[in-house]
Amino acid sequence: MTEKRKATSGIATPGVITEMSDAVIGTTPEWGSEYLRNLRETLLSDASPFPCTFAVSGVKRNSLRFGFVESLDDEKTWTALDDMLIRYLEQYRELGRETSLVVFFGQDDGTRAMAEYRERFWAVLQYLHDTDTEPWPADVPRDTDDPWWEFSFGGTPVFVVCNTPAHRLRRSRHSPGFFITFQPRWVFEELGADTPAGAASRRIIRKRLSRYDAVEASPELGSYGDPHNREWRQYFLPDAQDEPGAGEARCPFRHRGTAGTAGAQPTGDDSTIRLTPKMVGES
């Protein structure tokens with residue numbers, strides 16, 4: 001891991017944006033301030049409460065962190081992502097359980113087709129994996145079809161969520177710009193589906209989702225470790241279940257050294273990898 005460094009804020013802006021800019025890892029580009037403002041307004045709206053109560057609490061407690069990558073298409077600019085994610089993972093436990101890293105990507109054109117955003121999302125995760133200098137966690141399966149699999153970086157399991165301009169009906173996954181949220185699995189440790197706190201949180205989020213989105217909650221949302229759950233399917237949700245590309249049979253992510261196959265470890269009932277079940281954050 002690289003030496004821990006203090007995050008630097010970018011363009012100084014008035015009001016609430018100054019506070020959120022202080023939480024930026026790296027620098028804030030000219031187009032970044034508006035994204036921060038929009039996200040804050042979305043999370044703190046009283047008229048239309050955002051479903052993910054953890055994100056709402058995170059922005060109120062200033063435990064969210066933010067980053068910016070110059071281009072969604074120019075992969076040469078993605079080197080900044082490695083550094084900001086490393087720096088975030090060095091400090092996330094100090095920020096408390098209601099934390100996550102939100103990374104915005106710049107793009108010059110207008111709203112694209114959902115399939116293009118989906119391809120870019122998986123390209124980013126593949127890039128991070130291919131450039132990761134830390135070994136894959138020993139207690140996390142390499143097979144994406146294992147219910148205990150989770151994307152990992154820097155030796156840390158991370159739940160990932162993507163928001164795009166193409167999401168319209170599923171408002172909880174909409175954003176004026178493309179962004180990816182990284183949540184260390186540690187934040188869910190006290191919110192297992194079999195715990196009172198986890199069950200209560202799940203009920204609240206589901207209720208708020210039903211009011212916020214114009215479509216029913218995705219059937220892909222599930223609990224970590226459940227035999228029928230696959231984490232990767234929750235990362236990039238379709239706007240509607242019947243749209244092209246929804247319900248992909250195979251995860252696009254490929255683990256290094258698996259020669260294009262999805263797995264390199266035993267799965268299902270024969271797997272030796274077992275972690276405490278945790279509730280997946282539904283944002």
Side-chain angles (χ1 to χ4, degrees), residues 31-32 34-36 38-39 41-43 45 48 50-52 55 66-75 77-78 81 100-130 144-145 149-151 158-183 205-206 208-222 228-254 262 280-283:
W31 50 267
E34 185 60 31
Y35 280 179
L36 289 177
N38 178 272
L39 181 59
E41 291 176 353
T42 296
L43 295 180
S45 173
S48 185
F50 192 73
C52 184
F66 309 94
F68 296 92
V69 173
E70 191 61 35
S71 174
L72 180 60
D73 300 300
D74 185 357
E75 298 186 10
T77 68
W78 295 1
L81 181 58
S100 59
L101 171 66
V102 180
V103 180
F104 300 90
F105 290 73
Q107 66 174 76
D108 296 328
D109 53 359
T111 300
R112 305 179 184 181
M114 190 71 74
E116 293 183 55
Y117 286 124
R118 183 184 295 109
E119 184 278 328
R120 289 287 80 191
F121 168 73
W122 285 109
V124 170
L125 291 197
Q126 192 66 55
Y127 164 82
L128 284 172
H129 176 64
D130 291 344
T144 57
D145 197 42
W149 180 87
E150 191 77 273
F151 177 74
V158 181
F159 182 70
V160 191
V161 171
C162 188
N163 287 58
T164 81
H167 284 88
R168 297 293 183 181
L169 300 176
R170 201 175 302 282
R171 288 178 59 212
S172 55
R173 294 293 177 103
H174 174 76
S175 170
F178 181 101
F179 75 75
I180 298 176
T181 301
F182 299 89
Q183 294 176 289
I205 291 173
R206 289 279 184 171
R208 292 171 71 140
L209 268 176
S210 67
R211 296 173 177 173
Y212 196 82
D213 289 349
V215 290
E216 294 184 0
S218 172
E220 306 296 355
L221 296 177
H228 302 291
N229 179 63
R230 296 297 180 268
E231 288 289 279
W232 67 269
R233 292 185 180 278
Q234 306 181 62
Y235 291 177
F236 192 107
L237 293 178
D239 202 34
Q241 287 305 121
D242 58 351
E243 74 178 35
E248 292 177 285
R250 188 180 184 188
C251 179
F253 178 82
R254 294 293 174 265
V280 170
E282 300 164 4
S283 50

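Here the structure is a predicted model, which is why all the values come from computation and not from measurement.
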**Q** Answer with yes or no whether the side chains of Y235 and E150 bring together a donor and an acceptor at under 3.5 Å.
**A** yes
**Q** Would you say P165 and Y117 make side-chain contact, with heavy atoms under 4.5 Å?
**A**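 Result yes, sub-4.5 Å side-chain heavy-atom pair found.
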**Q** If you define the side chain from C-beta out and look only at heavy atoms, does anything of R173 sit under 4.5 Å from F236?
**A**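 With C-beta onward as the side chain, the pair stays apart.
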**Q** For W232 and F151, run side chain to side chain contact (heavy atoms under 4.5 Å, CB included): C-alpha distance rounded to whole Å, both residues' side-chain angles, the deciding distance at 0.1 Å, then the answer.
**A** CA-CA 8 Å; W232 67 269; F151 177 74; over 6 Å; no
**Q** Any side-chain heavy atom of F121 sitting closer than 4.5 Å to one from V124?
**A**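 With C-beta onward as the side chain, the pair stays apart.
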**Q** Between S48 and R171, is the side chain to side chain donor-acceptor pair (under 3.5 Å) condition met? List the steps.
**A** CA-CA 11 Å; S48 185; R171 288 178 59 212; 3.3 Å; yes
**Q** Roughly how far, to the nearest 0.5 Å, is the NE2 atom of H174 from the OG1 atom of T111?
**A** 7.5 Å
**Q** With side chain to side chain contact (heavy atoms under 4.5 Å, CB included) as the test, would you mind laying out the steps for F66 and F179 before giving the verdict?
**A** CA-CA 10 Å; F66 309 94; F179 75 75; over 6 Å; no
**Q** Would you call the rings of F68 and F104 parallel, tilted or perpendicular if under 30° counts as parallel and over 60° as perpendicular?
**A**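 If you compare the ring of F68 with that of F104, the planes turn out parallel.
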**Q** Please check if the number of heavy atoms outside D130 that lie under 6.0 Å from its CG is greater than 12.
**A** yes
**Q** Using a distance-only test with no angle check, is there a side-chain donor-acceptor pair under 3.5 angstrom linking R120 and T164?
**A** no
**Q** So how far is it from Q107 CD to D73 CG, rounded to the nearest 0.5 Å?
**A**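 Answer rounded to 0.5 Å: 7.0 Å.
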